[in-house]
Amino acid sequence: MSHKGLQGGHYRPLSCEQVESLHAAALSVLEKTGFSYEAGLDETLEMMEEFGMRVDREDSRIYFPREQLMELVSKAPKRVVLYSRDGKNDLYLEDDRVYLGTGGAAIKILDLETGEARHTTLQDLYNLGRLVDQLDNIHFFLRPCIPKDIPEALYDENVFYACLKSTAKHVMAGVNDFDGFHKMMDIASMVAGDLENLKARPFVSVIASFAISPMRLCTHSTRIMLEAVRHQIPVALSCAPMAGVSSPITMAGTLVQTHAEQLAGIAICQMIQPGAAVLYGGIPGRANLWNLGYQGGSVECGMMNAAIHQLADHIKVPNYNSSGLTDAKIPDAQAGWEKAMTTMLAAMGGSNYVHHAAGMLNCMITVAHEQFVIDDEIIGLSCKVLAGIPTDPEHLALDVIDDAARGADFIKS
Amino acid sequence: MSDFVQIAENLAAGNKPRVRELVQLALDQGESAKKILDEGLMKGMGIVGGMMEREEIMIPEVLDVAQFMSHVINEMLKPLLLEGDMNPYGKVVFATVQGDVHDIGKNLVIMMLEGAGFQVIDLGIDVPPETIVESIRENQPNMLGLSALLTTTMPMIKTTIDHVIDSGLRDQIKILVGGAPVDQEFADEVGADGYAPDASSATQLAKSLAN
Ligand code: B1M
């Protein structure tokens with residue numbers, strides 16, 4: 001039995017006071033430090049000024065006064081539904097409801113025949129979609145790998161086509177540019193019957209890494225993010241600071257910065273379309289200080305990803321984050337414990353849409369078929385924990401105890 | 001004769017006051033600034049590079065030693081050095097290619113190159129080929145380093161190299177490429193002079209290409 005959409009929230013690393021104080025700290029970062037920005041965002045900057053943000057063009061910096069900012073943030077919906085194509089795996093993202101699935105963009109796969117890492121292909125992507133379609137505990141399909149065997153300019157349409165063809169679960173991916181976004185829309189509309197059907201039940205959504213930590217707006221991804229909002233396609237506002245390199249080494253500092261980045265992104269989307277379906281996409285990460293690699297399997301990542309859900313919940317926006325990352329290169333003991341630990345913590349924290357939870361190895365560079373199957377188990381067990389221990393009369397089983405004590409046995413009863 | 005090994009080892013161990021003392025002592029004994037730099041400090045940074053490769057020292061500590069070394073050079077040796085002494089391996093123009101904003105790996109490679117005695121001109125992220133060509137014209141480096149982390153921006157490495165060729169500058173520089181999706185095969189395909197999988201090997205390779 002699949003335990004999807006159960007309520008988490010049993011593990012809350014931050015107290016209520018701590019949540020308040022981190023939120024307040026993030027607001028003051030946005031007022032005092034603000035965001036820097038890349039060239040090419042003139043229209044967006046003008047729009048932001050109209051909504052009361054202060055833009056210093058000489059210093060290329062945007063400051064966010066807290067009242068106007070929070071006014072915008074409050075317009076974001078507290079519930080986002082990401083549909084599946086067949087209606088069997090619709091995801092109701094709100095409160096502490098937990099869903100977990102695959103995460104994106106590996107470039108290598110452990111070959112099924114040789115066990116060696118090789119480049120991923122379009123066929124691999126399709127095969128992994130088929131596999132995930134059959135794995136009950138994986139609740140959605142975020143394209144886990146890149147089709148390295150086709151030209152880059154053809155990625156977007158081929159990725160979405162392969163994903164939609166291979167699974168009926170919700171499909172999410174990044175797109176490379178505007179053109180790619182519209183090709184995705186064409187294919188998804190075709191699958192839905194027409195554009196209106198697609199907008200009514202979006203079974204696809206996109207990711208945009210709109211922020212480059214620390215606190216910088218990326219023109220290319222911001223434009224994709226806003227285009228998705230304009231077309232009523234749900235968008236995950238990804239920002240992924242690595243503690244020690246692109247955010248402070250402390251967990252609290254990394255959480256404050258991540259939360260500030262998210263508040264800004266959410267506000268900008270709501271300027272375009274009040275009520276736009278967005279996912280709070282803060283993914284607090286950590287750098288391995290021996291080599292600066294991505295250390296997603298650390299227990300701190302598990303803790304911070306639970307904490308970031310509390311911050312998202314504080315502003316009532318469903319969240320997208322990560323678990324199940326590891327720098328292990330093969331499905332070994334290290335991969336097992338790091339995945340189990342971070343996935344369990346993310347689930348118990350109540351994170352709504354946890355990606356990377358299945359299949360990933362080697363700091364997001366590699367995936368492996370067997371790893372998806374192992375992670376399906378880890379996710380299932382983590383969700384089982386959320387189900388808790390029922391204590392109704394049937395489960396109390398007093399009759400069974402009585403019978404057994406009088407000579408019957410438990411095995412038969 | 002001064003004990004350069006002592007300078008190198010104390011630098012690698014992060015004994016800052018001792019390094020200053022030893023450098024001063026060597027100067028007092030009449031050793032040339034260049035010799036102190038090459039056989040003392042640079043050797044020390046070399047030891048640190050090896051420790052980093054074997055994961056015996058953490059990156060923030062490497063950075064700390066590198067910064068300290070440059071303070072010592074600037075404060076104690078620079079006035080006594082000739083132009084060129086400081087950067088025996090020459091100049092590198094370095095960039096993350098257009099369309100790509102990943103720079104953590106690039107910055108690490110640059111830090112190691114600087115520690116090893118290269119002068120690095122860092123053009124940053126998302127750098128168009130035209131800017132790179134301009135910088136080569138202006139700065140006359142002997143090497144170009146290109147980093148790309150996305151399969152979608154790897155072709156920009158080729159485009160950039162083609163721009164360098166079209167500008168007639170290819171012969172005067174060696175080109176080094178790297179980044180997670182890049183490999184030797186790709187480097188050969190696009191006509192780079194070298195590929196390195198990490199910061200330590202990039203430094204070794206750059207040194208061998210410079211000679
Ligand atoms: C010249 O000579 C040389 C020689 C050696 C050289 C060299 C040059 N350059 C590097 N080296 C070598 O030496 C270095 C030191 O040992 C090494 O450098 P590395 O950079 O490899 O190693 C660093 C020390 C640590 N590694 C890193 O810093 C990269 C880590 C990962 C997780 C990563 C990060 C952190 C980020 N990302 Co990005 N990101 C990933 C990365 C996964 C991975 N494991 O690589 C990757 C590269 N990203 C990816 C993606 C998809 C994206 N990212 C994006 C954004 C970001 C952040 C901004 C969030 C952040 C970058 C922050 C920053 N300031 O750099 C987006 C693109 C933005 C853009 N236009 O560039 C976005 C497209 C996400 C989106 N949907 O919007 C994937 C690429 C897939 C593909 N198509 O190739 C990815 C593999 C992760 C994944 N599986 O999803 C060596 O490669």
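As a basis for the values below, the full set of heavy atoms in this structure was taken, side chains included, without hydrogen atoms, waters or symmetry mates. Labels below follow one simple rule: chain letters A, B, ... track the order of the sequence lines, proteins then strands, and each chain is numbered from 1.
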Okay, B/E56 and chain A: the region with an atom under 4.5 Å from a heavy atom over there is backbone
So, the part of B/L108 with a heavy atom under 4.5 Å from chain A: the answer is side chain
Value for CD1 (B/I125) from CZ (A/R216), rounded to nearest 0.5 Å, stands at 6.0 Å
query: So do B/D183 and A/H119 actually touch side chain to side chain, heavy atoms under 4.5 Å?
result: yes
Applying a strict 4.5 Å limit to non-hydrogen atoms, the region of A/L289 in contact with chain B is both
- Task: Check whether more than 12 heavy atoms from other residues, nucleotides or ligands sit under 6.0 Å from atom NZ of B/K91, and answer yes or no.
- Result: yes
CD1 (B/I59) and CH2 (A/W290) are apart, to the nearest 0.5 Å, by 9.5 Å
Whatever's closer than 4.5 Å to a heavy atom in chain A on B/I57 counts as backbone
Rounded to the nearest 0.5 angstrom, the CG-CD1 distance for A/L292 and B/I104 is 7.5 Å
Can you tell me if B/K106 has over 12 outside heavy atoms packed within less than 6.0 Å of its NZ? yes
- Can you check whether B/M154 reaches A/K148 side chain to side chain, under 4.5 Å on heavy atoms? yes
To the nearest 0.5 Å, atom CD of A/E38 lies from atom CG of B/D126 at 6.0 Å
Is atom CZ of A/F181 surrounded by more than 12 heavy atoms (other residues, nucleotides or ligands) closer than 6.0 Å?
yes
In this structure, CG of A/N291 is separated from CE of B/M58 (nearest 0.5 Å) by 10.0 Å
Whatever's closer than 4.5 Å to a heavy atom in chain A on B/D103 counts as neither
Okay, A/I365 and chain B: the region with an atom under 4.5 Å from a heavy atom over there is side chain
Chain A shares the most heavy-atom pairs under 4.5 Å, among B/E55, B/M52, B/E53, with B/E55
